[in-house]
Amino acid sequence: MSLKPLKKSDLGKSWMKARRDRPKRIQPEYHLIITEGTKTEPAYFGAMRDALNRTFPNRIQLDVIGAGNNTLHLFQKAEQRVHASANGYRHVWIVYDTDEFPAEHINGTARLCEKASTEETTYHAVWSNQCIEVWFLLHFVFLQSDIHRKAVVEKLTNAMEAQGLGTYEKNRTDMYQTLLPFLDTALMYAKRLDEKNAVRLPSDAAPGTKVYVLIEKLKPYLDG
């Protein structure tokens, strides 16, 4: 680069003026939530998606898919979706119940998520043992006994009725808004359960749920 001073005849020319970079457009952070269920989970996370995408469209975007697949197949469907999408998902949340699926499938999905994660995309195994209703119930009470999912639903209904929130049904579409005032309680109880389950595999962590990890990631926006 020449160290000679500029000629007076060149000082006013446009090509000699300092370049002003155009402001870069900030892309929102894309999240994919893909669920085993086709009604309960999509309704809950779908309501969350609608609220966040509407309020923070330039900062975060959620896609929610009720895939109707279970465990290993659910992971495969999520991976296919990521590869086919132009969004560049930063986080992929694979939401599934353990129910009575084989332990190797339940735990295998969690291992696949760890293996598939890269610097660009993180896969999360968001399991609930036995069911998503464990997460719902934790909004009201701390559950530490391993009971069948039917008993969890019964306890959830009793807790909701005691709060004047009506009866719980699998196809209720207002669960996100209904439970939102009790969210901090659910996070506290879910983390306490997770500490108890720290050395257990997902298939053995009953009761337990990883839904709180997803919620904590999104909470800065939920509080906004």
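In this text the structure is predicted, and so the values were computed from the model without any measurement.
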With sequence neighbours excluded, residues passing side-chain hydrogen bond (donor to acceptor under 3.5 Å, both in side chains) with E104:
none
Any side-chain heavy atom of T167 sitting closer than 4.5 Å to one from M160?
no
Point-to-point distance, once rounded to the nearest 0.5 Å, from SG of C113 to CH2 of W127
12.5 Å
Do H31 and Q61 have side chains that approach each other closer than 4.5 Å (heavy atoms only, starting at C-beta)?
no
Are L32 and V95 linked, directly or through other ILVMFWY residues, by side chains that come within less than 4.5 angstrom of each other?
no
Which atoms form the tightest heavy-atom contact between G208 and L193, and what is the distance?
CA-CD1, 4.1 Å
Got R90 and E120 here, is their nearest side-chain heavy-atom distance under 4.5 Å?
no
Exactly one candidate in T209, L156, L137 meets side-chain contact (heavy atoms from CB on, under 4.5 Å) with L143; the answer is L137
side-chain contact (heavy atoms from CB on, under 4.5 Å) evaluation trace for Y96 with V126:
CA-CA 6 Å; Y96 61 101; V126 186; over 6 Å; no
Among side-chain atoms of Y168 and E133, is any donor-acceptor pair under 3.5 angstrom?
yes
With distance as the sole test, does D194 use its side chain to make a donor-acceptor pair with the main-chain N or O of A190 at under 3.5 Å?
no
Contact between H124 and K217 at the side-chain level, heavy atoms closer than 4.5 Å - yes or no?
no
Q27 and N58, any side-chain heavy atoms less than 4.5 Å apart:
no
Strictly by modelled atom types, are Y123 and W93 linked by a side-chain donor-acceptor pair under 3.5 Å?
no
Residue pair A206 / R200: nearest heavy atoms and the distance that separates them:
O-NH1, 4.5 Å
Would you compute the distance between atom OG1 of T178 and atom CZ of F136 and round it to the nearest 0.5 angstrom?
10.0 Å
How about I147 and V152: do any of their side-chain heavy atoms sit closer than 4.5 Å?
yes
With respect to Y44, which candidate in R172, R49, M175 satisfies the side-chain contact (heavy atoms from CB on, under 4.5 Å) definition?
M175
Hey, does the side chain of Q130 reach the backbone of R149 with a donor-acceptor pair shorter than 3.5 angstrom?
yes
Taking all non-hydrogen atoms of both residues, which atom of K77 and which atom of N69 are closest, and how far apart?
CD-OD1, 3.2 Å
So V92 and E79, side-chain contact (heavy atoms from CB on, under 4.5 Å) or not? Walk me through it.
CA-CA 9 Å; V92 179; E79 197 171 39; over 6 Å; no
To the nearest 0.5 angstrom, please state how far the CG atom of L179 sits from the OG1 atom of T185.
11.0 Å
Atom CG in N107, atom OG in S203: separation rounded to 0.5 Å?
3.5 Å
Would M48 and V64 show up in the same hydrophobic cluster when neighbours are defined by side-chain heavy atoms closer than 4.5 Å?
yes
Under a 4.5 Å cut-off applied to non-hydrogen side-chain atoms, are T98 and S128 in contact?
no
Looking at side-chain heavy atoms only, is the closest gap between F45 and T40 below 4.5 Å?
no
Could you go through the side-chain contact (heavy atoms from CB on, under 4.5 Å) check for R81 and I34 one step at a time?
CA-CA 10 Å; R81 177 83 179 192; I34 185 166; 5.5 Å; no
When you measure from the side chain of N53 to the backbone of L62, do you find a donor-acceptor pair of N or O atoms at a distance under 3.5 Å?
yes
Residue pairs meeting ring-ring contact (aromatic ring centres under 6.0 Å, His included), one or both in residues 185-216, sequence neighbours left out, come to F142-Y189
Residue pair P42 / G66: nearest heavy atoms and the distance that separates them:
CG-CA, 3.7 Å
Determine, using the 4.5 Å side-chain heavy-atom cutoff (strictly less than), whether I94 and Y30 are members of one ILVMFWY cluster.
yes
Please test L187 against K219 for side-chain contact (heavy atoms from CB on, under 4.5 Å), starting from the C-alpha separation and ending with a verdict.
CA-CA 10 Å; L187 290 170; K219 199 168 187 300; 3.5 Å; yes
Hey, quick one: are M188 and L180 part of the same hydrophobic cluster, counting side-chain heavy atoms closer than 4.5 Å, chains of contacts allowed?
yes
Output for pair (N197 CG, D204 CG), nearest 0.5 Å, gives 9.0 Å
When you group the ILVMFWY residues by side-chain heavy-atom contacts below 4.5 Å and let the links chain together, are Y89 and L214 in the same group?
no
Taking every heavy atom of P207 against every heavy atom of V134, the minimum-distance pair comes out as CB-CG1, 4.4 Å
Please check if atom NZ in K170 has more than 12 non-hydrogen atoms from other residues, nucleotides or ligands closer than 6.0 Å.
yes
Output the distance between atom CG (D50) and atom CD (Q177), rounded to the nearest 0.5 Å.
10.0 Å
Would you say H105 has more than 12 foreign heavy atoms packed within less than 6.0 Å of its NE2?
yes
